[in-house]
Amino acid sequence: MSKGFIEDDLTREVRMRTDIVSLISEYVRLRKTGKNYVGLCPFHEEKTGSFTVDPDKQLFYCFGCGAGGNAFTFLMKREGLSFPEALEKLAQRAGIVLPPRSSRFAGDESRKKENKRLLDALEFAQSKFREMLYASRGKEALKYLETRGLSRETIDKFGLGFAPNDWEFIAASAKRSGFNQADFFKAGLLLERHGGGYYDRFRNRVTFPIYDSGGTLIGFGGRAIGDETPKYLNSPETPVFRKGRELYALNLAKAGIRQKDRVCVVEGYLDVIMSFQHGIDYTVAGMGTALSKEQARALLLLTGHVYLVYDRDDAGRRATRRSIDVFREAGGRTRVVSLPGSKDPDAFLRAEGSGAYEKLLDEALPDIQFIYDEARRENAHLGLEGKIRVMEAIVPVLASLSSDFERSAYIEEFARDLSVPRDSLDKDVETYRRKSEQARKYKEAQNRDTTGYDNQRQPDPASGSKRVENTGGKKPTDSEVSVVRRKAEEGVIRCLIENRELLEKTMGILGEQDFSDPVCRELFKVLREGSLDTVADERIQAQVAELCVRFGDVPHDSAPKILDDCIRSMRRERLEELRETIALAERTKDQATLTQAIMDYQRLLKQLKSTGDASGGSAL
């Protein structure tokens, strides 16, 4: 059996008990379109959804980047898991108990064991931090949280804790409990001493456990209680924690984001926690670093309505502008919430309440208006030079707008405010758009994928032929397969995918050598070796998904006839190819090719007659 298969019927059971729409909806905002679901692709940047999920076939496929497959493939690509890891995660989700892994997954098992040790270390530290918060040593920390207006219920919901002012609180506790301190070091909990040994990273700090979007504890944030520096401290990057990927409280906020179809992005952990306490349960924060495109994409997949609620000081304004740019690069738009005075969301909610806060959300400025207002504010004192700087700031943003109406409306408003002719601003925007489009086309030309499914060589219109000529007498390459033959081969594979009972008879008629298209040839080989349901190869699963989506449904009752027609078409196309090869070999006096082509032609013709195809009978 091929090494691409998992030799276990449980794999098929896990797949059958996993609803792919429900699974992908945890990562992507899907909308129903006909019988399928559509959304933004999580694997490449796009503004219009080309990512399709078929609930009947339990497959996904992106027409934009070609990513496709089943539930296993999706989880592998989205979470960076191996097939065994994806299988275990989906089995747990479906309530299926799997037997222990075999030795063939030793490499994956080694990585999984290491990660488990790190996660165990983090959970151990969390239990100690929680214990300390409600112990006598944590009185000051608990008082601090309560003076910040947090209820016990909120404190417990977010799992807040306290790391005492002790150099070896976690280090010594881990050692006494039989843990390997090196794992705590790798998990970011300990630091190495110069003379050997370890000491605690978090000391005299309120601790904020950080979870990934699936609810697994992966790191900590810490806020100093005394004069320790820095005031805020996060876990470093570890094998289980990537700052540029994770968002604080996304595991808790996903449900609220989907329900309200909006997300608030704030700067601090306490801003998030206070938002939740006031019912704004669709709030997240970064990891103390500038927001990354990956983080922006994760939010845009859940909602298209993003609200930036940062501090109004200079640092907050700069962070807002950076975040606007990041979301725009990720294919999304944002709105900017202006809190009065110098208040942050935490302070505003405590003072004014959720009603006033949500009113500010409703009044939030579109990102383009914020950029313009900031440019005007920063350059108001520069006169004519200030206007030029405002134009330089706003023209690229106006040029990026896809809506002609929106772009025209903003140009009209900004030109009037700047007291400049509308036509001059319009011309600058169009010039920028034209240059950007030329640059984009040049980049696409430099990076075009010439091996893609839709990039096959088409027949030369001048030749009047429906096929591409193969001049070598060899088996056609992917780009040399005729359109008709490719479709016929796709039809054969498509029928066999969901009608396994037709495979045995088909194998008696066709072999791998009868498929000219490399994708169909490989899929036919896989079908002969076992079920496609349990193939672990991501590439093959993507090919299956693409074929199913492109070819469409095959009604079960019609499958034998469709299969028969496709096989007949393959044979006729092959006969025509051989006739052309024979004619070319005669013209070029290529005796070896001529002899082989004639033999192949006669053999195929004999097969056609023996199966009744020559008289119009069934091939099966």
Side-chain angles (χ1 to χ4, degrees), residues 114-135 137-138 140-142 144-145 148 150 154-175 177 179-192 198-226 228-253 266-274 276 284-289 295:
E114 180 185 29
N115 285 349
K116 186 178 185 306
R117 291 197 303 271
L118 303 189
L119 296 178
D120 287 345
L122 292 164
E123 288 289 355
F124 176 83
Q126 169 66 353
S127 68
K128 292 298 181 181
F129 293 152
R130 288 285 292 160
E131 181 183 323
M132 283 296 102
L133 181 64
Y134 290 114
R137 298 177 69 182
E140 185 179 355
L142 185 59
Y144 165 77
L145 293 174
R148 294 296 298 260
L150 298 184
T154 299
I155 291 171
D156 293 342
K157 180 182 181 69
F158 283 85
L160 306 186
F162 174 61
N165 194 13
D166 188 328
W167 287 93
E168 294 186 354
F169 172 69
I170 291 295
S173 297
K175 190 172 184 179
S177 298
F179 287 98
N180 185 341
Q181 289 180 323
D183 292 328
F184 283 68
F185 168 71
K186 290 180 182 178
L189 293 163
L190 302 181
L191 295 166
E192 285 185 306
Y198 301 93
Y199 64 97
D200 288 10
R201 179 183 297 274
F202 298 98
R203 303 181 305 279
N204 200 30
R205 293 178 181 273
V206 170
T207 58
F208 300 80
I210 299 170
Y211 297 86
D212 66 15
S213 61
T216 299
L217 178 61
I218 53 176
F220 287 95
R223 202 277 187 193
I225 295 298
E228 291 82 7
T229 56
K231 186 176 181 181
Y232 295 99
L233 179 67
N234 276 333
S235 293
E237 296 259 332
T238 72
V240 296
F241 178 45
R242 286 175 48 201
K243 294 183 181 180
R245 179 176 182 176
E246 309 300 340
L247 288 154
Y248 182 70
L250 182 57
N251 62 308
L252 298 175
V266 298
E267 291 185 271
Y269 298 162
L270 281 172
D271 293 329
V272 173
I273 296 171
M274 188 56 66
F276 268 77
V284 299
M287 292 288 121
T289 57
Q295 290 168 320

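Starting from 1, each residue takes its place in the sequence as its number. Note that these values count all heavy atoms, side chains included, but never hydrogens, waters or copies made by symmetry.
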Taking the side chain as every heavy atom from C-beta outward, state whether Q181 and F185 have any pair of such atoms under 4.5 Å apart. no

Counting heavy atoms not belonging to K175, are there more than 12 under 6.0 Å from its NZ? no

Tell me if the centroids of the rings in Y232 and Y269 come within less than 6.0 Å of each other. no

Using a 4.5 Å cut-off on heavy atoms from C-beta on, say whether the side chain of L252 contacts that of V272. no

Please report the shortest heavy-atom distance between F202 and L233, naming the atom on each side. CE2-O, 3.6 Å

Taking all non-hydrogen atoms of both residues into account, name the closest pair between M132 and F162 and its distance. CB-O, 3.3 Å

Determine the minimum heavy-atom distance between G268 and A285, stating which atoms define it. O-CB, 4.0 Å

Is the shortest side-chain N to carboxylate O distance from K186 to E114 below 4.0 Å? yes

Y248 versus F158: any side-chain heavy-atom pair under 4.5 Å? yes

In a check of side chain to side chain contact (heavy atoms under 4.5 Å, CB included) between L160 and each of I273, T154, L142, which one passes? I273

In the structure I gave you, are the side-chain heavy atoms of F169 and R203 within less than 4.5 Å of one another anywhere? no

Derivation and outcome, side-chain contact (heavy atoms from CB on, under 4.5 Å), residues Y134 and I155: CA-CA 11 Å; Y134 290 114; I155 291 171; 3.7 Å; yes

If you look at every heavy atom in G286 and Q295, which pair is closest and at what distance? CA-NE2, 4.5 Å

For M287, does its backbone N or O pair with a side-chain atom of N234 as donor and acceptor, under 3.5 Å? yes

Heavy-atom distance under 4.5 Å between the side chains of S235 and I210, does that happen here? no

Can you run down the side-chain hydrogen bond (donor to acceptor under 3.5 Å, both in side chains) pairs that involve residues 205-219, sequence neighbours left out, and say none if there aren't any? none

Closest approach of D200 to A171 (non-hydrogen atoms, all atoms of both residues): OD1-N, 3.0 Å

With K116, which residues qualify under salt bridge (Lys or Arg N to Asp or Glu O under 4.0 Å), at least two apart? D120

Mind checking whether Y198 and F184 have ring centres under 6.0 Å apart? no

For residues I218 and E246, determine if any side-chain heavy atom of one lies less than 4.5 Å from a side-chain heavy atom of the other. yes

What are the two closest heavy atoms between A141 and L133, and how far apart are they? CB-CD1, 4.0 Å

Which residues satisfy the salt bridge (Lys or Arg N to Asp or Glu O under 4.0 Å) test with E192, sequence neighbours excluded? none

Take a 6.0 Å sphere around CD of E140 and say whether it holds more than 12 heavy atoms from other residues, nucleotides or ligands. no

Measure the shortest side-chain to side-chain distance between L150 and L270 over non-hydrogen atoms and say whether it is less than 4.5 angstrom. yes

